[in-house]
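Throughout, numbering of the chain's residues begins at 1 and tracks the sequence. Remember, predicted model here, so these are calculated numbers, not experimental data.
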Amino acid sequence: MMLRPDLAAAAAARLECRKGLVAPTAGMAPGFTQCNMISLPRDWAWDFLLYGQRNPKPCPVLDVTDPGSHRTALAPNADLRTDLPLYRVWRDGVLAEELADATEVWAEHSDLVTFLIGCSFTFETPLMQAGIEVRHVAQGCNVPMYLTNRDCRPAGRLHGKMVVSMRPVPADRVAEAATITGRFPAVHGAPVHIGSPETLGIADLARPDFGDPVQIRDGEVPVFWACGVTPQAAVMASKPPFAITHAPGHMFITDVPDTQWQI
């Protein structure tokens with residue numbers, strides 16, 4: 001049976017990822033929700049579920065799989081082991097390797113529970129439709145992301161700092177950008193900080209902790225949104241024995257339209 005035309009775009013984007021396209025997914029399959037991902041052994045899953053509940057701004061959980069499953073209701077025909085462009089494998093809190101296919105490493109643990117977390121790429125389409133340029137999309141690079149000095153609320157064995165993504169916005173359109181993104185609380189929502197990166201403990205916007213630097217033009221203000229790379233900061237700080245995550249900026253593209261999360 002043929003997919004409906006709207007779903008075909010999301011399926012085609014995942015197929016490109018499965019074929020080995022290793023590139024950030026910003027701008028791919030416009031109009032479809034993108035997700036961050038983290039997979040943990042079952043005995044860490046409750047801790048992470050509680051971590052997400054206590055830190056909904058950076059870790060808005062959209063779906064949780066059954067232990068051992070690589071399927072999600074957000075895209076029933078997708079395979080979470082193969083349909084992201086790039087994965088990270090963590091061992092005792094240390095980044096061990098990056099892979100374009102996680103099937104083999106996934107098999108090391110039969111009880112992995114996967115969390116799919118809202119991503120700010122989801123609200124970039126409405127920003128661009130409003131005429132607010134998304135600089136990393138325009139420059140064809142990854143979004144800049146920064147580890148901040150803001151503690152997340154701990155949960156069980158998990159703790160860590162919040163990660164934020166940054167988009168430059170013309171000063172006279174910051175309020176509009178905040179209003180547009182605030183309509184999407186399930187995918188990070190409104191900004192957590194505007195201007196003054198040093199307040200977040202960011203020393204140099206040209207040196208992001210994850211992703212790529214982008215140009216900031218005269219008259220623009222750096223605007224910061226909570227970021228779904230925050231769970232990776234928790235992995236680094238808390239050192240679970242094993243985890244698989246997406247590589248920053250290389251998201252899982254779902255079959256769910258962005259508008260589902262709009263309020």
Side-chain angles (χ1 to χ4, degrees), residues 14 33-84 86-99 101-120 122 147 150-163 185-188 210 226-248 250-256 260-261:
R14 290 195 298 271
T33 301
Q34 299 198 26
C35 289
N36 304 273
M37 189 195 84
I38 181 169
S39 300
L40 292 159
R42 183 174 185 168
D43 70 326
W44 282 78
W46 172 254
D47 286 1
F48 189 81
L49 187 65
L50 188 59
Y51 197 74
Q53 192 275 334
R54 289 180 174 175
N55 300 282
K57 195 74 170 174
C59 303
V61 176
L62 301 186
D63 193 27
V64 185
T65 70
D66 292 326
S69 175
H70 52 269
R71 302 292 182 184
T72 170
L74 300 179
N77 294 321
D79 189 327
L80 294 172
R81 303 169 300 179
T82 60
D83 288 2
L84 284 73
L86 192 63
Y87 299 83
R88 286 183 154 190
V89 181
W90 303 83
R91 301 183 189 278
D92 297 316
V94 176
L95 178 60
E97 56 186 324
E98 290 189 336
L99 302 166
D101 186 324
T103 303
E104 187 173 336
V105 71
W106 201 287
E108 292 183 22
H109 292 266
S110 61
D111 64 345
L112 290 179
V113 177
T114 299
F115 297 83
L116 293 169
I117 296 163
C119 172
S120 57
T122 300
L147 187 65
R150 291 193 182 183
D151 288 314
C152 289
R153 185 181 171 194
R157 294 163 285 183
L158 289 172
H159 60 93
K161 305 288 188 181
M162 181 188 294
V163 175
V187 292
H188 304 307
F210 314 93
C227 178
V229 177
T230 297
Q232 297 183 40
V235 168
M236 289 184 278
S238 308
K239 304 186 185 308
F242 183 82
I244 302 172
T245 69
H246 71 292
H250 298 72
M251 318 306 295
F252 176 65
I253 298 171
T254 76
D255 290 341
V256 181
Q260 177 161 320
W261 314 108

Exercise. Begin with the C-alpha distance, continue with both residues' side-chain angles, and end with the deciding distance and a verdict on salt bridge (charged side-chain N to carboxylate O under 4.0 Å, His left out) for Asp47 and Arg157.
Key: CA-CA 7 Å; Asp47 286 1; Arg157 294 163 285 183; 2.7 Å; yes
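- For the atom pair CD of Glu98 and CZ of Arg88, the computed distance is 4.5 Å after rounding to the nearest 0.5 Å.
- Residue Leu99 forms a side chain to side chain contact (heavy atoms under 4.5 Å, CB included) with just one option from Leu86, Val105, Leu84, and that option is Val105.
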Quiz item: How far apart are the C-alpha atoms of Trp261 and Thr122, what are their side-chain angles, what is the distance that settles it, and do they pass the side chain to side chain donor-acceptor pair (under 3.5 Å) test?
Solution: CA-CA 9 Å; Trp261 314 108; Thr122 300; 5.7 Å; no
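- Closest of all the heavy-atom pairs between Ala233 and Leu147 is CB-CD1, 3.8 Å.
- Between Phe242 and His109, the ring center distance clears the sub-6.0 Å criterion.
- In this structure, Thr65 contributes its side chain and Thr114 its backbone to a donor-acceptor pair below 3.5 Å.
- Inspection of the Asp63 and Thr72 side chains reveals an N or O donor paired with an N or O acceptor under 3.5 Å.
- For the pair Thr230 (side chain) and Val163 (backbone), a donor-acceptor distance under 3.5 Å is present.
- Within a 6.0 Å sphere centred on CD of Glu104, heavy atoms belonging to other residues, nucleotides or ligands number 12 at most.
- A 4.5 Å side-chain heavy-atom check between Leu116 and Leu74 finds at least one atom pair inside the cut-off.
- Within the 4.5 Å cutoff, the side chain of Val187 has no heavy atoms near those of the Pro60 side chain.
- Partner of Trp106 under the side chain to side chain contact (heavy atoms under 4.5 Å, CB included) criterion, chosen from Asp101, Leu80, Val89: Leu80.
- Under a cut-off of 6.0 angstrom, the local environment of CZ in Arg54 is crowded, with over 12 non-hydrogen atoms contributed by other residues, nucleotides or ligands.
- Ser238 approaches Trp44 most closely through the heavy-atom pair O-CH2, 4.2 Å.
- Here the straight-line distance linking atom CG of Leu62 with atom CD1 of Ile117 works out to 8.5 Å at 0.5 Å rounding.
- Minimum interatomic distance between His246 and Met251 (heavy atoms only, all atoms of both residues): CD2-SD, 3.7 Å.
- A salt bridge links Asp255 and Arg14; the closest N-O separation between the charged side-chain nitrogens and carboxylate oxygens is under 4.0 Å.
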Self-check item: salt bridge (charged side-chain N to carboxylate O under 4.0 Å, His left out) between Asp151 and Lys161, intermediate numbers included
Solution: CA-CA 4 Å; Asp151 288 314; Lys161 305 288 188 181; 2.7 Å; yes
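- Between Asn36 and Pro231 there is no side-chain heavy-atom pair separated by less than 4.5 Å.
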